[in-house]
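Proteins come first, then strands; the chains are lettered A, B, ... in the order of their sequence lines, and each starts at number 1. What you see below is based on every heavy atom in this structure, not just the backbone, and it leaves out hydrogens, waters and symmetry mates.
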Amino acid sequence: MQRAAASKIRAFQKEVWGYYRLHKRGFPWRKTKNPYRILVSEIMLQQTQADRVVLKYKEFIKKFPNLRALSKASLKSVLRAWQGLGYNRRAVHLKTIAREVTVRFGGKLPSEKEILMSSPGIGQSTAGAVRTFAFNKPEVFVETNIRTAFIHFFFPKKQKILDSDISKIVEVALDRKNPREWYWALMDYGAMLKKAHGNAAARRSAHYARQSPFKGSSREQRSKILKMILGEKISTKKLLAKTGFSKQILAHHLADLSKEGFIRRSGNYFIVSK
DNA sequence: GTCCAGACCG
DNA sequence: CGGTCTGGAC
């Protein structure tokens with residue numbers, strides 16, 4: 001497909017808006033245009049089901065109501081608030097962004113795409129989402145629900161579809177008068193398709209990668225270690241006993257977690273970094 | 001077992 | 001480019 005026919009685009013828009021009118025989802029981050037709250041939601045929603053984010057989002061906003069508050073908070077308190085979401089490094093990213101924005105921009109999140117994308121944990125998709133939902137800018141971005149929606153409708157038989165090809169149609173189909181709601185509608189429509197047809201469409205993306213099992217993985221081991229360190233000041237010896245990991249495995253993860261800015265050694269103990 | 005409003009390193 | 005990262009839902 002070189003260029004989706006204009007009539008096909010219109011049919012798609014009609015289908016998506018029609019679905020949205022009857023089945024729109026009401027998430028707390030859809031009730032605000034506050035850039036900080038939008039940012040928190042978008043970071044939380046990376047690779048994490050929306051339903052699972054709702055409660056954590058509310059608690060996080062309550063505890064850290066703005067960038068300045070988050071900037072002042074300890075990393076430990078932020079990581080504790082993050083427990084249960086996964087991808088703990090996202091919490092570190094958010095805190096880093098909060099500090100940067102507080103120092104450089106007086107606590108006001110910039111809307112420029114280049115500045116957003118130069119921040120840790122913000123890539124193409126998250127920058128586009130923040131600009132769309134907080135600033136109502138007509139951005140072009142692709143995430144998993146959008147990918148599913150466009151593949152299902154515009155590439156019904158094709159395999160190994162590139163995001164760059166999807167983006168071209170996203171741009172043409174974009175509602176420039178109301179990008180915020182258009183993207184909500186797209187995501188709701190894509191999420192519905194996934195429930196109805198499973199992951200069949202997403203598997204035809206060139207960027208699709210099946211996830212390896214979590215059980216028994218190094219990811220599971222890391223999270224176990226970090227959780228223990230978040231709970232109390234804990235010696236290396238006690239970590240060894242409580243995790244049941246080998247000395248080599250434990251040392252490996254402790255080195256990684258230190259390098260990534262989660263923890264630091266303090267004598268015979270490991271504690272959360274500042 | 002497989003997935004999720006992706007980002008980032010090598 | 002591929003590999004990796006979290007943890008709960010189903």
Check your understanding: Which glycosidic conformation, syn or anti, is assigned to B:dA5 if syn requires a torsion within 90° of zero?
Key -> syn

Point to revise | Pairwise P distance, B:dA7 and C:dA9 [rounded to whole Å] | key: 25 Å

Review point. Any side-chain N or O of A:N145 under 4.0 Å from OP1/OP2 of B:dA5?
Key: yes

**Study point:** Distance, rounded to the nearest Å, where A:I97 contributes CD1 and B:dA7 contributes P
**Key:** 11 Å

Check your understanding: In the hydrophobic cluster built from side-chain contacts under 4.5 Å, what are the other members alongside A:M228?
Key -> A:L75, A:L79, A:V92, A:I225, A:L226, A:I229, A:L230, A:I234, A:L239, A:L240, A:F245, A:I249, A:L250, A:L254, A:L257, A:F262, A:I263, A:F270, A:V272

Check your understanding: Mind checking whether A:Q83 and A:N88 have side chains closer than 4.5 Å, heavy atoms only?
Key -> yes

Exercise for review: Applying side chain to side chain contact (heavy atoms under 4.5 Å, CB included) between A:F141 and each of A:V170, A:T126, A:D163, A:T132, report the one that passes.
Suggested key: A:T132

Point to revise | Aromatic ring proximity, centroids under 6.0 angstrom, A:Y57 and A:W29 | key: yes

Exercise for review: With heavy atoms under 4.0 Å as the rule, sort A:F133 into base, sugar-phosphate or nothing.
Suggested key: nothing

Check your understanding: C:dT4 phosphate, OP1 or OP2: any side-chain N/O from A:Y87 under 4.0 angstrom?
Key -> no

**Study point:** Atom-pair distance (CG on A:L257; P on C:dT6), nearest Å
**Key:** 7 Å

Exercise for review: Mind checking A:T132 for me? I need base, sugar-phosphate or nothing, with any heavy atom below 4.0 Å counting as a touch.
Suggested key: nothing

Exercise for review: Determine: side-chain N/O of A:T126 to OP1/OP2 of B:dA7, distance under 4.0 Å, yes or no.
Suggested key: yes

Review point. For B:dA5, which nucleotide in any strand shown is its Watson-Crick or wobble partner with both distances under 3.5 Å?
Key: none

Check your understanding: According to a strict under-4.0 Å criterion, is A:R222 in side-chain N/O contact with OP1 or OP2 of C:dC5?
Key -> no

Practice item. Any strand is fair game: report the nucleotide pairing with C:dT6 by Watson-Crick or G-U wobble, both distances under 3.5 Å, or none. Key: none

Study note, to complete from the structure: Rounded to whole Å, NZ of A:K194 lies from P of C:dC10 at a distance of 16 Å

Exercise for review: With C1' as the reference atom in both, quote the distance from B:dT2 to C:dT6 in angstrom, rounded to an integer.
Suggested key: 15 Å

Check your understanding: Within a radius of less than 6.0 Å around OH of A:Y19, do more than 12 heavy atoms belonging to other residues, nucleotides or ligands occur?
Key -> yes

Point to revise | Between C:dA9 (P) and A:L55 (CG): distance, integer Å | key: 12 Å

Check your understanding: Same cluster for A:F60 and A:Y87 if Ile/Leu/Val/Met/Phe/Trp/Tyr side chains link at under 4.5 Å?
Key -> no

Review point. Does some side-chain heavy atom of A:Q221 sit less than 4.5 Å from a side-chain heavy atom of A:H252?
Key: no

Check your understanding: In whole Å, what is the span from the CZ atom of A:F150 to the P atom of B:dA5?
Key -> 17 Å

Exercise for review: Determine: side-chain N/O of A:S218 to OP1/OP2 of C:dC5, distance under 4.0 Å, yes or no.
Suggested key: yes

Exercise for review: Please figure out whether A:A209 or A:V142 has its closest DNA chain B nucleotide nearer the 5' end.
Suggested key: A:A209

Point to revise | Gap between atoms NZ and P, on A:K259 and B:dG10 respectively (whole Å) | key: 7 Å

Check your understanding: Under 6.0 Å from the NZ atom of A:K137, do we count more than 12 heavy atoms belonging to anything else shown?
Key -> no

**Study point:** Of A:A206 and A:L85, the one whose closest DNA chain C nucleotide lies more 5'
**Key:** A:A206

Point to revise | B:dC3 versus C:dC5 - spacing of their C1' atoms, nearest Å | key: 15 Å

Review point. Of A:W184 and A:R89, whose nearest nucleotide on DNA chain B comes first from the 5' end?
Key: A:W184

Review point. So with a 6.0 Å cut-off around NZ of A:K24, is the heavy-atom count from everything else above 12?
Key: yes

Practice item. Measure the distance from CZ on A:R219 to P on B:dA7 and round it to the nearest whole Å. Key: 18 Å

Practice item. Identify, residue by residue, the members of residues 31-52 of chain A with a heavy atom below 4.0 Å from DNA chain C, and return them in order of residue number, or none. Key: A:Q49, A:R52

Exercise for review: Figure out the CZ/C1' separation between A:R25 and B:dA5, and round it to whole Å.
Suggested key: 8 Å

Point to revise | Nearest to side-chain heavy atoms of A:N88, which nucleotide of C:dT6, B:dA5, B:dC3 | key: C:dT6

